[in-house]
Amino acid sequence: MEKNFTLVEIQQVSKSYGGLVALNNVNLKFSAGKIIGLLGPNGSGKTTLIKLLNGLLQPEYGQILINGRKPSPETKQIVSYLPDTTYLDEHMRISEAIDLFKDFYADFDEARALHLLQDLNIELNSRIKHLSKGNKEKVQLILVMSRQALLYVLDEPIGGVDPAARDYILRTIITNYSPTSSVLISTHLISDVEQILDEVIFLQYGNVIRHSDVDDLRIESGESIDELFRREFKA
Ligand SMILES: Nc1ncnc2c1ncn2[C@@H]1O[C@H](COP(=O)(O)OP(=O)(O)OP(=O)(O)O)[C@@H](O)[C@H]1O
């Protein structure tokens, strides 16, 4: 598969909850080999877009294609998704969660997961429910990033993680993904994450107001992405 082929196409997608428009005619294309930041104020539609990509919600209008296919059980085999809530059974031990991922995903790299857990001093025998909030997040992210997926979709991956571990995790994200895969990261921790981003999407009231190359945007605005975000979305 070539680098720079279109991995994800979001075509004229709208989604409402009752009368509230959460996404309004969203058009986006993601190429392979990119780390893309999905940024926007609270309630701008980031999680809604992520749930649509993962087939947890259906668009009212438009369509989404991932590697040419609509979100489905087939695309789950190529999309590795970190939700914004705990997805593991809290009673499980970490070793059991690893077994679960091994059973579920043919692309799961157990050796990689074990190596990352060891680097972050996380005990395999611990039960998920006994972990601190930050360590729980680390475990979930490690499992998701240990798949050899085509698309990683990470909804707020480092909110509860301490700054030192954040840097380690961000480095892990850069070194893990291959030139044919892409990473979509939704986050409010822009200054931490912007160092690894290739592209950025700004959402506001369900509309895409920017989708730009990060270096171009920095040169054009003379600001960091964090500064630009704060200025554009000033309350
Ligand atoms: N299940 C739901 N039922 C009704 N409204 C919803 C539901 N989920 C989201 N919304 C509304 O849709 C809009 C977009 O929400 P969404 O969670 O996608 O935003 P977000 O950008 O991820 O926000 P945050 O940064 O706070 O996580 C908001 O106005 C929210 O209140």
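One is the number of the first residue; the rest follow in order along the sequence. These values consider heavy atoms only, across backbone and side chains, with no hydrogens, waters or symmetry-generated copies. As the structure lists them, so they are numbered: ligands from 1, and atoms in each ligand from 1.
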For Lys102, the side chain to side chain contact (heavy atoms under 4.5 Å, CB included) test, sequence neighbours excluded, returns Asp99, Phe108, Glu110

Residues 214-235 vs ring pair (Phe, Tyr, Trp, His ring centres under 6.0 Å), sequence neighbours excluded, gives Phe202-Phe229, Phe202-Phe233, Phe229-Phe233

| Enclosure of Glu223 CD (heavy-atom neighbours >12, cutoff 6.0 Å) | yes

Using the rule that two of Ile, Leu, Val, Met, Phe, Trp, Tyr join whenever any of their side-chain heavy atoms come within less than 4.5 Å, decide whether Val153 and Leu65 are in one cluster.
-> no

Chain-and-number sorted residues having a heavy-atom contact under 4.0 Å with ligand 1 are Tyr17, Leu20, Ala22, Pro41, Asn42, Gly43, Ser44, Gly45, Lys46, Thr47, Thr48, His188

**Asked** Can you check whether Thr48's main-chain N or O pairs, donor with acceptor, with Lys15's side chain at less than 3.5 Å?
**Response** no

Residues passing the salt bridge (charged side-chain N to carboxylate O under 4.0 Å, His left out) test with Arg230, sequence neighbours excluded, are Asp226

